[in-house]
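We number each residue from 1, following the sequence as shown.
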Amino acid sequence: MDNKFIVNIIHRPEMVPEYAEKVTGHGKEEDIGRKALLTESLDIFKTQQEIAHKNGLKTTIQMTYASLFNDEAVELAKADHEKYGDEIALSLLGLPCKEFREKYKTKDFCIWMFSMEDKKSIVDDVFGKFHDRFGFYPESTGSYYMDADLVNYIKEKYPMVKCAVATCWEEGPKAYHTCNNSWYTFMDGGPWAPWIPSKQNVHAPAANEAEDSGIVAIPHLSRDLIACYDGNGSNFGTHPQNVLRSMSYDSKTWEYPYLYNLIDQYRDLAKYNNGYAYNMMFVGPGWMNKMGRWEAPYELLLKSYEDGMAYYGQLKKEGKLDDMTMAEFADYFRQKKTLTEPECALWRDILYGSDKQLFWYCDPYMRVCANMDQGGAIVDLRPYAAKLEWPVGIGTKHITDASYPFLIQEKYRAGYFTHYAGEGTVRSAKLTYKGEEVDLCLCRTKAHFSQEGKTRILTLDPVEIEFYDLTVKLQTKMYFEEGSSNIKIERHILEMSDPGAEVEINEYMVACYGTTEYSEDMSNITLTCTDGTNSKKIKYEYKCREEQMQGATEVISVIPDIETRVSLSCEKKEAVGYIKEGYAFSPMFTLGYTTKLKDKEVFATWLNLAKAN
């Protein structure tokens, strides 16, 4: 199978780059029409285009609204389209300019935050102006984030649009905190690689043709799937600006091996995705201005961009990379991937020198992260099966928070390692023998990926669990069956130091729901234990209650606030299913199964997701 590595290089002539007015206009009253600002922005855009073309790469030129009023910017786009085959597209970033401010009387610039009425009006203005300048409508568009209502409107009114930059991976509270609590754009919980968004929610991939929004979505920047998850996403991506901002380069030699390692790790993802891998770079001129940015002088900003493009250019010369425009990529992606085909990434740390490894899995029903440093525990889970409709912007319940809610999120809801008496969200297992207990979260391991038919399998290296007078060797396997909306987890007892011994295993999931660190109201949640005939229920009231049932076929939580039904199920008749309500200091719920295991036995449980009726 030939591995195909594709790159989208997207430039935008932002005439009034975000944050640049304050820099070029240092000490002067704000004037977004200042000539020096416009000239410098256009010069940087030209430089970026020249660097790409010099390395034999074509780009997608996403015209901003402001640039459509500039004759030189329009002529540059036309010339590069003719000469190099660059696509002329349209960005919904870069709205601010005198014309925009006079009409809309606002300093807002994030398209998804406007009221629906204004979104439609802005889209029609911007698309109309584009058509006036070029005589056709664009096939590609984009922003940092595009909500479902916005995408649906664009697709209905401008059906030729087939590709859009639609979310920024893990730009939530972590990014907000590192921007001095001032960057009110929350969009956690989406895919990290291209996908076909559903009409109901842009983050959640479409499960079938009826849900297909009609566009191929690409992420804003290809992020480091460990460093960005653990820390601020703006610091760890394949845009040289991110690498400089994170200070992960040699300040004496101006070398940045991390940038190339990151691009290479994206190339490596072809192993897990039927021979296909993707990377993108989406840049405006704002970060490359003559006064420097992020403690880096202009010369380093320029060098980093030249070096990054040269690396892509070299890969292309060696036949290891295809450069595509956004519209070309959308056609390729539609032909290459089916709607239910998942995106997988077995990702290792390439920045801090640890052995940490995460597995990311995304399909129309869920986005999952398993952490091998915690024995393969699930540490992030987004229930896409609910296809939650989540209108965003002024006039909705979510003016600034576009994130897709989680059930498990170790960064915002503690995970296994908690500070105090409560529990954090995690899906793991505990082993008990003669009153001693060990959680698999404490057992670091490594994973190996394989595929059998439509099932992706993660096989973890065995771990040894030492009790006072017994050693148990246990192996975990995780199965992600395409289109099934569940994850099967098997625990294999490979050997015991006392072959006649019996250990208890407790398969558990501690969960809640939300998009930030702050607890939501849990009172609408219902917990149920059932064997198919009889049921035991708890209506959540923060009272710390528990129920259990031997032979339970399923233990269930229904969370009406996010229209989600999550359950664990098991086929072993001897197993005891249980449900636990949390309390105010630990506002979680727990679903689980306990059973006894002997040497060479296997215990399987399923984590199931569905939309709650």
Chemist: For residues 258-267, pull every pair meeting salt bridge (charged side-chain N to carboxylate O under 4.0 Å, His left out), keeping only residues two or more places apart or in separate chains.
Modeler: D264-R267
Chemist: Measure the acute angle between the ring planes of Y542 and Y540, then classify it against the limits of 30° and 60° as parallel, tilted or perpendicular.
Modeler: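 The rings of Y542 and Y540 stand perpendicular, inter-plane angle above 60°.
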Chemist: Enter the distance from C362:SG to W192:CH2 here, rounded to the nearest 0.5 Å.
Modeler: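 It comes to 5.0 Å.
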Chemist: Test of understanding: with salt bridge (Lys or Arg N to Asp or Glu O under 4.0 Å), list the residues that count as partners of D118, not counting sequence neighbours.
Modeler: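 Salt bridge (Lys or Arg N to Asp or Glu O under 4.0 Å) check on D118 returns nothing, list empty.
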Chemist: If the condition is ring-ring contact (aromatic ring centres under 6.0 Å, His included), which residues does Y229 pass it with, not counting sequence neighbours?
Modeler: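 Y229 satisfies ring-ring contact (aromatic ring centres under 6.0 Å, His included) with W360 only.
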Chemist: May I ask you to decide if the ring planes of H203 and Y404 are parallel, tilted or perpendicular, using 30° and 60° as cut-offs?
Modeler: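 If you compare the ring of H203 with that of Y404, the planes turn out perpendicular.
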Chemist: According to side chain to side chain donor-acceptor pair (under 3.5 Å), who are the partners of E482, at least two apart in sequence or on a separate chain?
Modeler: T340, R456
Chemist: Checking D373 against K356 for the salt bridge (Lys or Arg N to Asp or Glu O under 4.0 Å) test, could you report, in this order, the C-alpha distance in whole Å, the side-chain angles of both residues, the deciding distance, and whether it holds?
Modeler: CA-CA 6 Å; D373 266 15; K356 187 171 181 179; 5.5 Å; no
Chemist: We want to know whether D363 and Y361 form a side-chain donor-acceptor pair, criterion being a heavy-atom distance below 3.5 angstrom.
Modeler: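 Yes, because at least one side-chain N or O of D363 sits under 3.5 Å from a partner of the opposite role on Y361.
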Chemist: Are Y249 and Y258 an aromatic pair by the rule of ring centers under 6.0 Å?
Modeler: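 Between Y249 and Y258, the centre distance exceeds or equals 6.0 Å.
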Chemist: Which residues satisfy the ring-ring contact (aromatic ring centres under 6.0 Å, His included) test with Y65, sequence neighbours excluded?
Modeler: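 Scan of Y65 (ring-ring contact (aromatic ring centres under 6.0 Å, His included), adjacent residues dropped) gives F69.
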Chemist: With K488 as the cation and Y479 as the aromatic partner, state whether NZ or CZ is under 6.0 Å from the six-membered ring centre and within 45° of the axis.
Modeler: yes
Chemist: Check for a donor-acceptor pair, side chain of T167 on one end and backbone N or O of G190 on the other, with a separation under 3.5 Å.
Modeler: no
Chemist: By salt bridge (Lys or Arg N to Asp or Glu O under 4.0 Å), which residues pair with K387, not counting sequence neighbours?
Modeler: E211
Chemist: For E341, give me all partners under side chain to side chain donor-acceptor pair (under 3.5 Å), at least two apart in sequence or on another chain.
Modeler: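 Scan of E341 (side chain to side chain donor-acceptor pair (under 3.5 Å), adjacent residues dropped) gives N274.
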Chemist: May I ask you to test the V151-I215 pair for a side-chain heavy-atom distance under 4.5 Å?
Modeler: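 Yes, their side chains come closer than 4.5 Å.
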Chemist: Could you tell me the separation between the CD1 atom of I6 and the CD1 atom of I218, rounded to the nearest 0.5 Å?
Modeler: 11.5 Å
Chemist: Are V392 and M116 side-chain neighbours, meaning at least one heavy-atom pair lies under 4.5 Å?
Modeler: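 A side-chain contact under 4.5 Å is absent here.
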Chemist: Is a side-chain donor-acceptor pair under 3.5 Å present for Q357 with T445?
Modeler: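 Q357 and T445 do not have a side-chain donor-acceptor pair below 3.5 Å.
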Chemist: Does any non-hydrogen side-chain atom of V126 lie less than 4.5 Å from one of M63?
Modeler: no
Chemist: Y312 vs N279, test: side-chain hydrogen bond (donor to acceptor under 3.5 Å, both in side chains). Steps then yes/no.
Modeler: CA-CA 10 Å; Y312 287 125; N279 205 264; 2.5 Å; yes
Chemist: Is it true that N8 and Y278 share a donor-acceptor pair across their side chains at a distance under 3.5 Å?
Modeler: yes
Chemist: Measure the shortest side-chain to side-chain distance between T59 and I10 over non-hydrogen atoms and say whether it is less than 4.5 angstrom.
Modeler: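 T59 does not reach I10 side chain to side chain.
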Chemist: In the structure I gave you, are the side-chain heavy atoms of W606 and L568 within less than 4.5 Å of one another anywhere?
Modeler: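 No. Closest side-chain heavy atoms not under 4.5 Å.
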Chemist: Parallel, tilted or perpendicular, judged at 30° and 60°: which one describes the rings of H11 and Y305?
Modeler: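 Ring orientation, 0 to 90° scale: tilted.
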Chemist: In sequence, state the C-alpha distance, the side-chain angles, and the governing distance for N235 and S246, and then conclude on side-chain hydrogen bond (donor to acceptor under 3.5 Å, both in side chains).
Modeler: CA-CA 5 Å; N235 287 352; S246 68; 5.7 Å; no
Chemist: Enumerate the salt bridge (charged side-chain N to carboxylate O under 4.0 Å, His left out) contacts for residues 397-425, please, sequence neighbours excluded, ordered by first and then second residue.
Modeler: D230-K411
Chemist: Under 3.5 Å, is there a donor on one side chain and an acceptor on the other for Y365 and S484?
Modeler: no
Chemist: Please confirm whether F186 and Y176 have ring centers closer than 6.0 angstrom.
Modeler: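 Close enough - the centres of the two rings lie under 6.0 Å apart.
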Chemist: For H239, give me all partners under ring-ring contact (aromatic ring centres under 6.0 Å, His included), at least two apart in sequence or on another chain.
Modeler: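 H239 satisfies ring-ring contact (aromatic ring centres under 6.0 Å, His included) with W287 once adjacent residues are dropped.
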Chemist: Using only atom types and a distance under 3.5 Å, with no angle test, would you say the side chain of S222 pairs donor to acceptor with the backbone of M280?
Modeler: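 Flag set: sc S222 to bb M280 pair under 3.5 Å.
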Chemist: Might you point out which heavy atoms bring Y272 and A345 nearest each other, and give the distance in Å?
Modeler: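 Looking at all heavy atoms of both residues, the shortest contact is CD1-CA, 4.3 Å.
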Chemist: State, without any angle test, whether D521 and S523 hold a side-chain donor-acceptor pair at a distance under 3.5 Å.
Modeler: yes
Chemist: Looking at T516, T425, D188, T515, which one forms a side-chain contact (heavy atoms from CB on, under 4.5 Å) with Y412?
Modeler: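 Per the side-chain contact (heavy atoms from CB on, under 4.5 Å) rule, the option paired with Y412 is D188, out of T516, T425, D188, T515.
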Chemist: Who pairs with K162 by salt bridge (Lys or Arg N to Asp or Glu O under 4.0 Å), at least two apart in sequence or on another chain?
Modeler: E139, D331
Chemist: With sequence neighbours excluded, what pairs up with D380 under the salt bridge (Lys or Arg N to Asp or Glu O under 4.0 Å) test?
Modeler: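 Scan of D380 (salt bridge (Lys or Arg N to Asp or Glu O under 4.0 Å), adjacent residues dropped) gives R367, R382.
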Chemist: Which label fits F329 and F333: parallel for a plane angle under 30°, tilted from 30 to 60°, or perpendicular past 60°?
Modeler: tilted
Chemist: The test is side chain to side chain contact (heavy atoms under 4.5 Å, CB included); show your working for C168 and Y145 and say whether it passes.
Modeler: CA-CA 6 Å; C168 217; Y145 178 74; over 6 Å; no
Chemist: Does P191 reach the side chain of Y384, with side-chain heavy atoms less than 4.5 Å apart?
Modeler: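 A side-chain contact under 4.5 Å exists here.
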Chemist: If only side-chain N and O atoms count, and only distance matters, is there a donor-acceptor pair under 3.5 Å linking R348 with Q265?
Modeler: yes
Chemist: Under the rule for ring-ring contact (aromatic ring centres under 6.0 Å, His included), what residues qualify as partners of H177, not counting sequence neighbours?
Modeler: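 Scan of H177 (ring-ring contact (aromatic ring centres under 6.0 Å, His included), adjacent residues dropped) gives none.
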Chemist: Does the side chain of K611 come within less than 4.5 Å of T564's, by heavy atoms?
Modeler: no
Chemist: Would a distance-only check, ignoring hydrogens and angles, find a side-chain to backbone donor-acceptor pair under 3.5 Å from S586 to Y583?
Modeler: no
Chemist: Does a donor on one side chain and an acceptor on the other come within less than 3.5 Å for N242 and R223?
Modeler: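 Checked: N242/R223 side chains pair up, N/O donor to acceptor below 3.5 Å.
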Chemist: With heavy-atom distances below 4.5 Å as the criterion, would you say the side chains of C369 and F359 are in contact?
Modeler: no
